[in-house]
Amino acid sequence: MAVIVLLAVSRPVTAVEAGEGGDDGYAALRQRVVERFAGRAPTQWGERVAGVITHLRSGTNGVALTLDACGTARGKGIDSRLIAFLEREGVPATLFVTGRWIEANPGEFRRLAANPLFEIANHGDRHRPASVAGRSAYGIAGTADVAALVDEIELNARRIQEVTGRRPRFFRSGTAYYDEVAVEVAGVLGHRVAGFSVLGDAGATFSVEQVRRALLAATPGDVVILHMNHPESGTAAGVEAAIPLLRTRGLRFVTLSEGMGD
(Lines give C-alpha, C1' and ligand atoms only; values in the text may rest on other atoms or scores of the structure.)
Protein backbone atom coordinates (compact mmCIF):
# COMPACT_ATOMS: atom_id res chain seq x y z
CA MET A 1 0.00 0.00 0.00
CA ALA A 2 1.34 3.43 -0.90
CA VAL A 3 2.41 5.80 1.87
CA ILE A 4 2.08 9.54 1.46
CA VAL A 5 5.19 11.53 2.32
CA LEU A 6 5.32 15.30 2.73
CA LEU A 7 7.36 17.45 0.41
CA ALA A 8 9.73 20.08 1.69
CA VAL A 9 8.34 22.70 4.04
CA SER A 10 8.87 25.39 1.40
CA ARG A 11 6.21 23.79 -0.84
CA PRO A 12 2.48 24.67 -0.53
CA VAL A 13 0.70 22.96 2.37
CA THR A 14 -1.35 20.79 -0.01
CA ALA A 15 1.69 19.18 -1.62
CA VAL A 16 2.03 15.42 -1.02
CA GLU A 17 3.70 12.63 -2.94
CA ALA A 18 3.96 8.85 -2.76
CA GLY A 19 6.82 7.35 -0.75
CA GLU A 20 7.88 4.02 0.68
CA GLY A 21 5.30 1.71 2.25
CA GLY A 22 5.18 0.09 5.67
CA ASP A 23 4.60 1.10 9.26
CA ASP A 24 7.91 2.97 9.47
CA GLY A 25 6.87 5.17 6.58
CA TYR A 26 3.60 6.01 8.26
CA ALA A 27 5.31 6.85 11.53
CA ALA A 28 7.72 9.13 9.66
CA LEU A 29 4.82 10.90 7.95
CA ARG A 30 3.04 11.51 11.23
CA GLN A 31 6.20 12.78 12.88
CA ARG A 32 6.83 15.23 10.02
CA VAL A 33 3.35 16.68 10.39
CA VAL A 34 3.67 16.89 14.18
CA GLU A 35 6.97 18.74 13.86
CA ARG A 36 5.62 21.06 11.18
CA PHE A 37 2.76 22.23 13.38
CA ALA A 38 4.59 22.21 16.71
CA GLY A 39 3.65 25.22 18.80
CA ARG A 40 0.68 26.22 16.64
CA ALA A 41 -2.26 27.18 18.85
CA PRO A 42 -5.65 27.47 17.10
CA THR A 43 -7.82 30.53 17.59
CA GLN A 44 -10.94 29.37 15.71
CA TRP A 45 -13.41 26.56 16.34
CA GLY A 46 -16.59 25.75 14.46
CA GLU A 47 -18.12 24.72 11.14
CA ARG A 48 -16.91 27.72 9.13
CA VAL A 49 -13.34 28.41 10.07
CA ALA A 50 -10.67 29.60 7.64
CA GLY A 51 -10.11 27.21 4.76
CA VAL A 52 -13.39 25.26 4.95
CA ILE A 53 -15.26 25.02 1.64
CA THR A 54 -18.93 25.97 1.98
CA HIS A 55 -19.82 26.74 -1.66
CA LEU A 56 -18.89 25.52 -5.13
CA ARG A 57 -16.77 27.61 -7.44
CA SER A 58 -18.20 30.92 -8.56
CA GLY A 59 -20.47 30.78 -11.58
CA THR A 60 -21.56 27.17 -11.31
CA ASN A 61 -25.21 26.29 -11.81
CA GLY A 62 -24.74 23.11 -9.83
CA VAL A 63 -25.73 21.98 -6.36
CA ALA A 64 -23.62 19.37 -4.58
CA LEU A 65 -25.38 16.74 -2.51
CA THR A 66 -23.00 15.38 0.13
CA LEU A 67 -24.07 12.34 2.14
CA ASP A 68 -22.38 11.46 5.42
CA ALA A 69 -22.07 7.87 6.65
CA CYS A 70 -20.94 8.32 10.24
CA GLY A 71 -20.72 4.75 11.52
CA THR A 72 -21.48 5.65 15.13
CA ALA A 73 -23.10 3.14 17.47
CA ARG A 74 -26.61 4.11 16.34
CA GLY A 75 -25.63 5.14 12.83
CA LYS A 76 -24.07 2.16 11.10
CA GLY A 77 -26.93 1.49 8.68
CA ILE A 78 -27.43 2.43 5.06
CA ASP A 79 -30.42 4.29 3.67
CA SER A 80 -31.03 1.98 0.72
CA ARG A 81 -34.12 3.92 -0.33
CA LEU A 82 -32.11 7.14 -0.62
CA ILE A 83 -29.28 5.48 -2.55
CA ALA A 84 -31.71 3.68 -4.86
CA PHE A 85 -33.49 6.96 -5.64
CA LEU A 86 -30.25 8.72 -6.54
CA GLU A 87 -29.20 5.82 -8.73
CA ARG A 88 -32.58 5.58 -10.45
CA GLU A 89 -32.71 9.33 -11.12
CA GLY A 90 -29.05 9.64 -12.07
CA VAL A 91 -28.30 12.15 -9.32
CA PRO A 92 -24.58 12.29 -8.49
CA ALA A 93 -23.44 12.77 -4.91
CA THR A 94 -20.28 12.88 -2.83
CA LEU A 95 -20.32 10.22 -0.11
CA PHE A 96 -18.36 10.97 3.08
CA VAL A 97 -17.67 7.64 4.78
CA THR A 98 -15.93 6.86 8.06
CA GLY A 99 -13.70 3.92 8.79
CA ARG A 100 -16.32 2.71 11.25
CA TRP A 101 -19.03 2.72 8.59
CA ILE A 102 -16.81 0.91 6.09
CA GLU A 103 -16.06 -1.76 8.69
CA ALA A 104 -19.79 -2.26 9.29
CA ASN A 105 -20.73 -2.23 5.58
CA PRO A 106 -17.80 -3.56 3.53
CA GLY A 107 -19.91 -4.99 0.72
CA GLU A 108 -22.11 -1.91 0.35
CA PHE A 109 -19.05 0.31 0.41
CA ARG A 110 -17.44 -1.60 -2.44
CA ARG A 111 -20.65 -1.44 -4.45
CA LEU A 112 -21.04 2.31 -3.95
CA ALA A 113 -17.37 2.95 -4.67
CA ALA A 114 -17.71 1.10 -7.98
CA ASN A 115 -20.61 3.30 -9.13
CA PRO A 116 -19.28 6.28 -11.17
CA LEU A 117 -22.31 8.30 -10.06
CA PHE A 118 -20.78 8.63 -6.62
CA GLU A 119 -17.57 10.27 -5.42
CA ILE A 120 -16.07 8.77 -2.27
CA ALA A 121 -14.73 11.21 0.34
CA ASN A 122 -13.15 10.94 3.77
CA HIS A 123 -15.28 11.40 6.92
CA GLY A 124 -12.50 10.34 9.26
CA ASP A 125 -11.50 7.02 10.72
CA ARG A 126 -13.46 7.24 14.00
CA HIS A 127 -15.82 10.20 13.31
CA ARG A 128 -13.99 12.74 15.48
CA PRO A 129 -14.21 16.54 15.37
CA ALA A 130 -10.98 17.87 13.85
CA SER A 131 -9.03 19.52 16.65
CA VAL A 132 -5.35 19.82 17.46
CA ALA A 133 -6.23 20.62 21.07
CA GLY A 134 -8.82 18.01 22.04
CA ARG A 135 -11.91 20.18 21.72
CA SER A 136 -15.36 18.57 21.56
CA ALA A 137 -18.53 19.18 19.55
CA TYR A 138 -22.03 17.87 20.27
CA GLY A 139 -20.60 15.81 23.12
CA ILE A 140 -18.12 14.01 20.83
CA ALA A 141 -14.47 14.31 21.84
CA GLY A 142 -12.24 15.70 19.15
CA THR A 143 -8.81 14.50 18.18
CA ALA A 144 -6.42 15.17 21.06
CA ASP A 145 -3.48 16.61 19.13
CA VAL A 146 -1.83 16.78 15.72
CA ALA A 147 -0.74 13.14 15.81
CA ALA A 148 -4.27 11.95 16.59
CA LEU A 149 -5.64 14.16 13.81
CA VAL A 150 -3.20 12.65 11.31
CA ASP A 151 -4.45 9.20 12.32
CA GLU A 152 -8.08 10.29 11.97
CA ILE A 153 -7.56 11.58 8.45
CA GLU A 154 -4.81 9.41 7.03
CA LEU A 155 -5.85 5.97 8.23
CA ASN A 156 -9.24 6.30 6.56
CA ALA A 157 -7.77 7.87 3.44
CA ARG A 158 -5.61 4.78 3.02
CA ARG A 159 -8.51 2.46 3.76
CA ILE A 160 -10.53 4.16 1.01
CA GLN A 161 -7.64 4.12 -1.42
CA GLU A 162 -6.99 0.44 -0.79
CA VAL A 163 -10.54 -0.41 -1.90
CA THR A 164 -11.09 2.18 -4.62
CA GLY A 165 -7.59 2.67 -5.99
CA ARG A 166 -8.10 6.42 -5.60
CA ARG A 167 -7.10 8.71 -2.78
CA PRO A 168 -10.03 10.83 -1.54
CA ARG A 169 -9.82 14.53 -2.38
CA PHE A 170 -12.14 15.84 0.32
CA PHE A 171 -12.34 15.50 4.09
CA ARG A 172 -15.20 16.33 6.42
CA SER A 173 -14.65 15.69 10.10
CA GLY A 174 -17.12 14.05 12.42
CA THR A 175 -19.64 16.81 13.37
CA ALA A 176 -18.06 19.06 10.67
CA TYR A 177 -16.26 21.02 13.40
CA TYR A 178 -12.66 22.18 12.96
CA ASP A 179 -10.02 24.52 14.19
CA GLU A 180 -8.06 26.36 11.53
CA VAL A 181 -4.83 24.49 12.27
CA ALA A 182 -6.63 21.18 11.71
CA VAL A 183 -7.76 22.46 8.31
CA GLU A 184 -4.12 23.13 7.42
CA VAL A 185 -3.13 19.64 8.57
CA ALA A 186 -5.77 18.17 6.28
CA GLY A 187 -4.28 20.22 3.44
CA VAL A 188 -0.82 18.81 4.09
CA LEU A 189 -2.37 15.33 3.86
CA GLY A 190 -3.78 16.17 0.43
CA HIS A 191 -7.40 16.89 1.39
CA ARG A 192 -9.65 19.87 0.81
CA VAL A 193 -11.94 20.38 3.79
CA ALA A 194 -15.65 20.37 2.95
CA GLY A 195 -18.25 22.14 5.00
CA PHE A 196 -21.72 22.98 3.77
CA SER A 197 -24.10 25.85 3.06
CA VAL A 198 -27.44 24.00 3.34
CA LEU A 199 -28.27 21.92 6.43
CA GLY A 200 -30.30 19.22 4.73
CA ASP A 201 -31.39 16.91 7.52
CA ALA A 202 -29.68 18.04 10.77
CA GLY A 203 -27.96 14.76 11.42
CA ALA A 204 -30.92 12.77 10.05
CA THR A 205 -33.25 14.28 12.66
CA PHE A 206 -35.43 16.36 10.30
CA SER A 207 -38.90 15.24 9.29
CA VAL A 208 -39.72 14.57 5.64
CA GLU A 209 -41.19 18.06 5.27
CA GLN A 210 -38.22 19.71 6.96
CA VAL A 211 -35.82 17.95 4.59
CA ARG A 212 -37.94 18.95 1.59
CA ARG A 213 -38.03 22.60 2.67
CA ALA A 214 -34.31 22.68 3.41
CA LEU A 215 -33.44 21.36 -0.06
CA LEU A 216 -35.86 23.69 -1.80
CA ALA A 217 -33.90 26.60 -0.32
CA ALA A 218 -30.81 25.51 -2.29
CA THR A 219 -29.46 27.85 -4.95
CA PRO A 220 -26.63 27.48 -7.49
CA GLY A 221 -23.32 26.89 -5.75
CA ASP A 222 -24.73 25.40 -2.57
CA VAL A 223 -23.27 22.39 -0.80
CA VAL A 224 -25.99 20.33 0.90
CA ILE A 225 -25.21 18.06 3.84
CA LEU A 226 -27.39 14.98 4.35
CA HIS A 227 -26.96 11.55 5.91
CA MET A 228 -27.09 8.12 4.30
CA ASN A 229 -26.66 6.00 7.44
CA HIS A 230 -30.11 6.38 9.02
CA PRO A 231 -32.72 4.48 6.98
CA GLU A 232 -35.30 5.18 9.69
CA SER A 233 -35.10 8.95 9.07
CA GLY A 234 -37.11 11.23 6.82
CA THR A 235 -34.12 11.99 4.62
CA ALA A 236 -34.93 9.73 1.67
CA ALA A 237 -38.57 10.80 1.35
CA GLY A 238 -37.63 14.46 1.70
CA VAL A 239 -35.00 14.17 -1.02
CA GLU A 240 -37.44 12.34 -3.28
CA ALA A 241 -39.93 15.19 -2.88
CA ALA A 242 -37.41 17.98 -3.46
CA ILE A 243 -35.22 16.81 -6.33
CA PRO A 244 -37.87 16.97 -9.10
CA LEU A 245 -38.84 20.49 -8.02
CA LEU A 246 -35.23 21.64 -8.00
CA ARG A 247 -34.76 20.24 -11.48
CA THR A 248 -37.73 22.23 -12.76
CA ARG A 249 -35.82 25.33 -11.70
CA GLY A 250 -32.95 24.36 -13.96
CA LEU A 251 -30.61 23.28 -11.19
CA ARG A 252 -28.28 20.38 -11.86
CA PHE A 253 -26.49 18.16 -9.40
CA VAL A 254 -22.74 17.67 -9.27
CA THR A 255 -20.09 15.99 -7.17
CA LEU A 256 -17.81 18.22 -5.14
CA SER A 257 -14.94 17.59 -7.54
CA GLU A 258 -17.03 18.69 -10.50
CA GLY A 259 -18.46 21.66 -8.65
CA MET A 260 -15.01 22.82 -7.53
CA GLY A 261 -13.51 22.33 -10.99
CA ASP A 262 -11.09 19.65 -9.78
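FYI, side chains are in, hydrogens and waters are out, and symmetry mates aren't considered; it's all heavy atoms of this structure. Just so we're clear, the structure is a prediction, and the values are computed from it rather than from any experiment.
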> State, yes or no, whether a side-chain contact exists between L155 and Y26 at a heavy-atom distance under 4.5 Å.
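The answer is yes; the side chains approach within 4.5 Å.
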
> To the nearest 0.5 Å, how far apart are NE2 in H191 and CD1 in I153?
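Atom-to-atom, H191:NE2 and I153:CD1 are 6.5 Å apart.
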
> Tell me if a side-chain donor or acceptor on T98 pairs with a main-chain N or O of C70 at a distance below 3.5 Å.
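Yes: the side chain of T98 pairs with the backbone of C70.
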
> Quick check: do P129 and Y138 have side-chain heavy atoms less than 4.5 Å from each other?
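No, side chains not in contact.
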
> Determine the minimum heavy-atom distance between R212 and A241, stating which atoms define it.
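Answer, listing the atom of R212 first, then A241: CD-CB, 3.6 Å.
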
> Search all heavy atoms of P92 against all heavy atoms of T255 and return the closest pair with its distance.
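That would be CB-CG2, 4.0 Å.
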
> Is there a salt bridge (charged side-chain N to carboxylate O under 4.0 Å, His left out) between E162 and R158? Walk through the geometry before answering.
CA-CA 6 Å; E162 185 174 11; R158 296 180 182 208; over 6 Å; no

> When you group the ILVMFWY residues by side-chain heavy-atom contacts below 4.5 Å and let the links chain together, are V52 and L189 in the same group?
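Shared cluster, yes.
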
> Judged by atom type as modelled, is there a donor-acceptor pair below 3.5 Å linking the side chain of E180 to the main-chain atoms of A50?
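Judged by distance alone, no pair lies under 3.5 Å.
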
> Between W101 and L112, which heavy-atom pair has the shortest distance, and what is it?
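Minimum heavy-atom contact is CH2-CD1, 4.0 Å.
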
> Closer than 3.5 angstrom, by distance alone: can the side chain of R36 be matched with the main-chain N or O of Q31 as a donor-acceptor pair?
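Looks like no, no N/O pair under 3.5 Å.
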
> Could you state whether I78 and L95 fall into the same hydrophobic cluster, counting links through intermediate Ile, Leu, Val, Met, Phe, Trp or Tyr residues with side-chain heavy atoms under 4.5 angstrom apart?
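Result: yes, single cluster for both.
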
> Check I83, D79, T235 against L67 for a side-chain contact (heavy atoms from CB on, under 4.5 Å) and give me the one that passes.
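So, applying the side-chain contact (heavy atoms from CB on, under 4.5 Å) to L67 and each of I83, D79, T235, only I83 qualifies.
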
> Please step through side-chain contact (heavy atoms from CB on, under 4.5 Å) for the pair L86 and F253, ending with a clear verdict.
CA-CA 11 Å; L86 298 178; F253 299 94; over 6 Å; no

> Say you draw a straight line from CG of L246 to OG1 of T248; how long is it, rounded to the nearest 0.5 Å?
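Going from CG on L246 over to OG1 on T248, the span is 7.5 Å.
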
> Side chain to side chain donor-acceptor pair (under 3.5 Å) with T94: which residues, sequence neighbours excluded?
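Residues passing side chain to side chain donor-acceptor pair (under 3.5 Å) with T94: E119.
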
> On a heavy-atom basis, which atom in P168 and which in I120 lie closest, and how many Å separate them?
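Taking P168 first and I120 second, the nearest heavy atoms are CB-O, 3.9 Å.
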
> Going through the checks in order, is the side-chain contact (heavy atoms from CB on, under 4.5 Å) test met by V34 and V150?
CA-CA 9 Å; V34 169; V150 171; 5.5 Å; no

> Can you confirm whether I102 sits close enough to I160 that some side-chain heavy atom of one is under 4.5 Å from a side-chain heavy atom of the other?
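Side-chain contact under 4.5 Å: yes.
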
> Are Y177 and L199 connected, step by step, through hydrophobic side chains (Ile, Leu, Val, Met, Phe, Trp, Tyr) whose heavy atoms are closer than 4.5 Å?
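No, separate clusters.
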
> If hydrophobic clusters are built by linking Ile, Leu, Val, Met, Phe, Trp and Tyr wherever their side-chain heavy atoms come under 4.5 Å apart, do V163 and L117 end up in the same one?
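Yes; L117 is reachable from V163 via cluster members.
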
> Sort and list the pairs that fulfil salt bridge (charged side-chain N to carboxylate O under 4.0 Å, His left out) and have at least one residue in residues 120-146, not counting sequence neighbours.
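Matches after skipping sequence neighbours: E103-R126, D125-R159.
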
> Counting only heavy atoms from other residues, nucleotides and ligands, does the tally under 6.0 Å from CZ of R110 exceed 12?
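It does not: R110 CZ has 12 such atoms or fewer within range.
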
> Please list all pairs meeting salt bridge (charged side-chain N to carboxylate O under 4.0 Å, His left out) that have one or both residues in residues 59-76, counting only residues at least two apart or in different chains.
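Residue pairs with at least one partner in residues 59-76: D68-R172.
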
> Under a 4.0 Å N-O cut-off, is there an ion pair linking R213 with E209?
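Yes, R213 and E209 are salt-bridged.
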
> Kindly indicate, with the supporting measurements, whether the criterion side-chain contact (heavy atoms from CB on, under 4.5 Å) is fulfilled by L56 and V63.
CA-CA 8 Å; L56 305 180; V63 171; 5.8 Å; no

> Salt bridge check: are E240 and R81 linked by an N-O gap of less than 4.0 Å?
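A salt bridge links E240 with R81.
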
> Would you name the heavy atoms of S131 and A182 that are closest together and state the gap between them?
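It is N-CB, 4.3 Å.
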
> Go through it in stages, so that I can follow the logic: the residues are V91 and L65, the test is side-chain contact (heavy atoms from CB on, under 4.5 Å), and I'd like the CA-CA distance, side-chain angles, deciding distance and then a yes or no.
CA-CA 9 Å; V91 178; L65 298 184; 3.7 Å; yes

> For the atom pair CZ (R169) and CE (M260), what is the distance rounded to the nearest 0.5 Å?
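Answer for the CZ-CE pair, R169 versus M260, is 11.5 Å.
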
> Answer yes or no: is there a donor N or O on one side and an acceptor on the other, between the side chain of D179 and the main chain of V132, under 3.5 Å?
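Yes: the side chain of D179 pairs with the backbone of V132.
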
> According to a hydrophobic-cluster definition based on side-chain heavy atoms being under 4.5 Å apart (Ile, Leu, Val, Met, Phe, Trp, Tyr only), do V181 and L29 belong together?
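V181 and L29: one cluster.
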
> Which pair of heavy atoms, one from S257 and one from F170, lies closest together, and at what distance?
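It is OG-CE1, 3.4 Å.
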
> Which donor-acceptor pairs under 3.5 Å do the side chains of residues 215-232 make with protein atoms, sequence neighbours left out?
from : atom 1 : to   : atom 2 : distance (Å)
T219 : OG1    : D222 : OD2    : 3.2
D222 : OD1    : S197 : OG     : 2.7
D222 : OD2    : T219 : N      : 2.8
H227 : ND1    : D201 : OD1    : 2.9
N229 : ND2    : G75  : O      : 2.7
H230 : ND1    : E232 : OE2    : 2.7

> Is a donor on one side and an acceptor on the other found under 3.5 Å between the side chain of Y178 and the backbone of S173?
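Looks like yes, one N/O pair under 3.5 Å.
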
> How would you list, by chain and number, every residue that makes a ring pair (Phe, Tyr, Trp, His ring centres under 6.0 Å) with H127, sequence neighbours excluded?
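In terms of ring pair (Phe, Tyr, Trp, His ring centres under 6.0 Å), with neighbours along the sequence ignored, H127 is linked to H123.
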
> Using atom types as modelled and distance alone, determine if a side-chain donor or acceptor of R57 lies under 3.5 Å from a backbone N or O of E258.
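Yes; at least one donor-acceptor contact below 3.5 Å.
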
> What I want to find out is whether E35 reaches R32 closely enough, with some N-O distance under 4.0 Å, to be called a salt bridge.
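Salt bridge between E35 and R32, a charged N being under 4.0 Å from a carboxylate O: no.
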
> Return the CD1 to CD distance between I243 and E89, rounded to the nearest 0.5 Å.
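Nearest 0.5 Å value for the CD1-CD distance: 9.0 Å.
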
> With a cutoff of under 4.5 Å between side-chain heavy atoms, which Ile, Leu, Val, Met, Phe, Trp and Tyr residues group with V208?
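Besides V208, the hydrophobic cluster comprises nothing; the residue is isolated.
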
> Should F96 and L256 count as side-chain neighbours, where that means a heavy-atom distance under 4.5 Å?
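They are in side-chain contact.
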
